[in-house]
**Student:** 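Got a structure here, written out as structure tokens. Questions coming.
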Amino acid sequence: MRVKTAALLVLSATALNAHAGECGKVTIADMNWNSATVIANIDRFILEHGYGCDAELIPGDTMPTGTSMIEKGQPDVAPELWSNSLKDALDKGVADKRLRYAGKSLVDGGEEGFWVPAFLVEKYPEMATIEGVKKHAQMFEHPEDPDMSAFYSCPAGWNCQISAGNLFKALELDKSGFTIVDPGSSAGLSGAIAKANERKEAWFGYYWAPTAVLGKYEMVKVDFGSGVDENEFVNCTTQSECAEPKATMYPPSPVHTITTEEFATRAPDAYDYFSKRGFTNADMNRLLAWMEDNQADGEEAMFHFLEDYPQIWQAWVSPEVANKVKQAL
């Protein structure tokens, strides 16, 4: 009887090791912006403790990570890849059976637009539209010219400076007295939004999500009344040589989790996790705001998220995996 029991224990241990071995070593790209680094840390912890993977974070960035995954098969996972920036290369990698689109890391997509503070819209509901903003143009004080109204654009040198400038022209904001203000940097732009909200002053300009600022302050995306014209956006709005831009809302930017084909085949259970794991912009905005307020790094934000938001992450995994992760916490 003891021999039989011992044999069963050995078989059970062997089966467990084989299951862990299916996943093996997994390399995860740790990108150099906050939303990506917190997602990478969450993935590492869940893969390690929930799926028995030997998970490791390695430095990453959009272009070099995507290229390395296609050409070298490493890293195994890019948790947050803004896929439009190298869509043709990624699609070819999928066609060549080197890569897979596992799922959307930001389920709403990256969000861009022209925004005003919510307290303004509460007082003047028409400010939720571009015509309402134009009507109240005199409220948006220019920091240097009292005779003009301020539209805060994307910092100089960023790609979004082109689209914001073309839409400023298409919406004929200059005819309502607006002029473009260059905030100088990302910090300058977010600082202007924070200052306006703290002082309850009018503010109008370009911004994007997910970001800490939109997690801290309630902002309303202004409706241009145009809908989304993706063809216009791709072929004119985003092009510096666009001569006659037309109004269009910003289409969502797809933000995917990409894995290698080899990883997806080797570790189907872990791959299935990536197909279900995704954040809304509202949830990510809150998480980024917490990181900024607490000067937290990706690992600290990971613990905060797993401990405080089980209702979100437990929907991505089986009850068995969830229990393993909770025990590890």
**Student:** Quick test of your reading of the model: are K216 and E292 salt-bridged, counting only N-O distances below 4.0 Å?
**Tutor:**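 Yes, this pair counts.
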
**Student:** More than 12 heavy atoms of other residues, nucleotides or ligands under 6.0 Å from CD of E230: yes or no?
**Tutor:**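 Counting other residues, nucleotides and ligands, CD of E230 stays at 12 neighbours or fewer.
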
**Student:** Please check if the number of heavy atoms outside N159 that lie under 6.0 Å from its CG is greater than 12.
**Tutor:**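 No.
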
**Student:** Using a strict cut-off of less than 4.0 Å between a Lys/Arg side-chain nitrogen and an Asp/Glu carboxylate oxygen, indicate whether R277 and D43 qualify as a salt bridge.
**Tutor:**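 Looking at R277 and D43, the cut-off is met.
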
**Student:** Using side chain to side chain contact (heavy atoms under 4.5 Å, CB included) as the criterion, point out the one residue from T259, I70, D91 that pairs with L99.
**Tutor:**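 It is I70, the one option of T259, I70, D91 that forms the side chain to side chain contact (heavy atoms under 4.5 Å, CB included) with L99.
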
**Student:** Does the gap between the ring centers of F178 and F204 come in under 6.0 Å?
**Tutor:**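 Ring centroids of F178 and F204 are less than 6.0 Å from each other.
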
**Student:** Using a distance-only test with no angle check, is there a side-chain donor-acceptor pair under 3.5 angstrom linking Y51 and E22?
**Tutor:**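 Looking only at side-chain atoms, E22 and Y51 do not form any donor-acceptor pair under 3.5 Å.
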
**Student:** Below 6.0 angstrom between ring centroids: does that apply to Y207 and F114?
**Tutor:**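 Centroid separation for Y207 and F114: 6.0 Å or greater.
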
**Student:** CD of E307: more than 12 outside heavy atoms within 6.0 angstrom?
**Tutor:**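 Correct, the count exceeds 12.
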
**Student:** So, for I39 and F279, which heavy atoms are closest and what is the spacing to 0.1 Å?
**Tutor:**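 Heavy atoms only, the tightest pair is CG1-CE1, 3.6 Å.
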
**Student:** Counting only heavy atoms not in E126, do more than 12 sit closer than 6.0 Å to its CD atom?
**Tutor:**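 Enclosed.
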
**Student:** Have Y250 and E111 got a donor and an acceptor in their side chains that come within less than 3.5 Å?
**Tutor:**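 Result is no, nothing qualifies.
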
**Student:** Please check if atom CD in Q314 has more than 12 non-hydrogen atoms from other residues, nucleotides or ligands closer than 6.0 Å.
**Tutor:**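 Counting other residues, nucleotides and ligands, CD of Q314 exceeds 12 neighbours.
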
**Student:** Working note: K92 + D88, criterion salt bridge (Lys or Arg N to Asp or Glu O under 4.0 Å); need CA distance, chi angles, decisive distance, verdict.
**Tutor:** CA-CA 6 Å; K92 188 175 187 307; D88 290 345; over 6 Å; no

**Student:** Which heavy atom of G73 sits nearest to which heavy atom of D76, and what is that distance?
**Tutor:**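 Here G73 and D76 meet closest at O-OD1, 4.3 Å.
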
**Student:** Checking the side chain of T37 only, and the main-chain atoms of W33 only, is there a donor and an acceptor separated by less than 3.5 Å?
**Tutor:**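 Not a single qualifying donor-acceptor pair exists.
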
**Student:** With a 3.5 Å cut-off and no angle check, do the side chains of Q311 and W313 form a donor-acceptor pair?
**Tutor:**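 No pair is found: no donor N or O on one side chain lies under 3.5 Å from an acceptor on the other.
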
**Student:** Does E201 pair with K195 as a salt bridge, N-O distance under 4.0 Å?
**Tutor:**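 Judged by the 4.0 Å cut-off on N to carboxylate O distance, E201 and K195 do not form a salt bridge.
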
